[in-house]
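None of these values were measured; they are calculated from a predicted model.
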Amino acid sequence: MIKICIADSFPVVIEGLQSYFQGNDNMEVIGAAKNLEALLSILDNKRCQILILEVELDGLSSVRDIKSLLKDYPETKII
């Protein structure tokens, strides 16, 4: 099963993506975050294979932060 995490500032986007993946036997949304702090907490506690990331997420200040996520969580692919 593919484990997905969603990080977006807008609840409607999170709810829409969760609804899209609901009922899919091959994919599971394991967490949703509205800011960088919540995202890091999820990534530290749960293994996720795909991260759907809003580039302008609260707390995400630069591309350097995204590079840091890639380095700290190499098993996670970022979309």
Side-chain angles (χ1 to χ4, degrees):
M1 179 170 298
I2 299 171
K3 298 184 188 259
I4 300 170
C5 181
I6 302 167
D8 199 291
S9 301
F10 297 99
V12 70
V13 173
I14 292 172
E15 290 175 23
L17 288 168
Q18 286 176 327
S19 175
Y20 179 79
F21 291 114
Q22 186 177 7
N24 187 323
D25 294 335
N26 298 320
M27 297 181 183
E28 176 187 12
V29 177
I30 60 159
K34 295 180 182 177
N35 57 49
L36 183 60
E37 183 179 336
L39 173 61
L40 293 175
S41 177
I42 291 168
L43 293 175
D44 284 339
N45 294 311
K46 299 179 181 178
R47 297 185 79 107
C48 115
Q49 296 161 317
I50 297 175
L51 168 60
I52 300 174
L53 177 65
E54 175 191 4
V55 176
E56 295 181 359
L57 184 69
D58 292 337
L60 198 66
S61 60
S62 70
V63 175
R64 189 175 313 143
D65 292 336
I66 296 172
K67 288 182 180 180
S68 178
L69 288 172
L70 289 168
K71 180 183 171 199
D72 293 342
Y73 307 97
E75 70 281 355
T76 303
K77 305 301 180 207
I78 298 176
I79 298 173

Let me confirm one number: the CD1-NZ distance from Ile2 to Lys77, rounded to the nearest 0.5 Å. 12.5 Å
Tightest non-hydrogen contact, residues Lys71 and Pro74, listed as O-CD, 3.6 Å
Euclidean distance, Leu69 CG relative to Thr76 OG1, rounded to 0.5 Å: 9.0 Å
Rounded to the nearest 0.5 Å, what's the gap from CD1 on Ile78 to SG on Cys5? Could you check? 10.5 Å
According to a 4.5 Å side-chain heavy-atom criterion applied to Ile, Leu, Val, Met, Phe, Trp and Tyr, with indirect links allowed, do Val13 and Leu57 form part of one hydrophobic cluster? no
Which donor-acceptor pairs under 3.5 Å do the side chains of residues 38-51 make with protein atoms, sequence neighbours left out?
| from | atom 1 | to | atom 2 | distance (Å) |
| --- | --- | --- | --- | --- |
| Asp44 | OD1 | Tyr73 | OH | 2.5 |
| Asn45 | ND2 | Ser41 | O | 2.8 |
| Lys46 | NZ | Ile30 | O | 2.9 |
| Gln49 | OE1 | Lys3 | N | 2.9 |

So Leu53 and Ile79, do their side chains get closer than 4.5 Å, heavy atoms only? no
Looking at every non-hydrogen atom in both residues, tell me the closest pair between Ala32 and Ile14 and how far apart they are. CB-CG2, 3.5 Å
Is it true that Phe10 and Val29 fall in one hydrophobic cluster, defined by side-chain heavy atoms closer than 4.5 Å? yes
Applying side chain to side chain donor-acceptor pair (under 3.5 Å) as the test, list every pair that has at least one member in residues 7-27; sequence neighbours left out. Ser9-Glu54
CD/Glu75: more than 12 non-hydrogen atoms of other groups inside 6.0 Å: yes
Under 3.5 Å donor-acceptor pairs involving side-chain atoms of residues 61-68, not counting sequence neighbours:
| from | atom 1 | to | atom 2 | distance (Å) |
| --- | --- | --- | --- | --- |
| Ser61 | OG | Asp65 | OD2 | 2.8 |
| Ser62 | OG | Arg64 | N | 3.2 |
| Asp65 | OD2 | Ser61 | N | 2.7 |
| Asp65 | OD2 | Ser62 | N | 3.4 |
| Ser68 | OG | Asp72 | OD2 | 3.3 |

Side chain to side chain contact (heavy atoms under 4.5 Å, CB included) for Ile52 and Leu17? Distances and angles first, verdict last. CA-CA 9 Å; Ile52 300 174; Leu17 288 168; 4.0 Å; yes
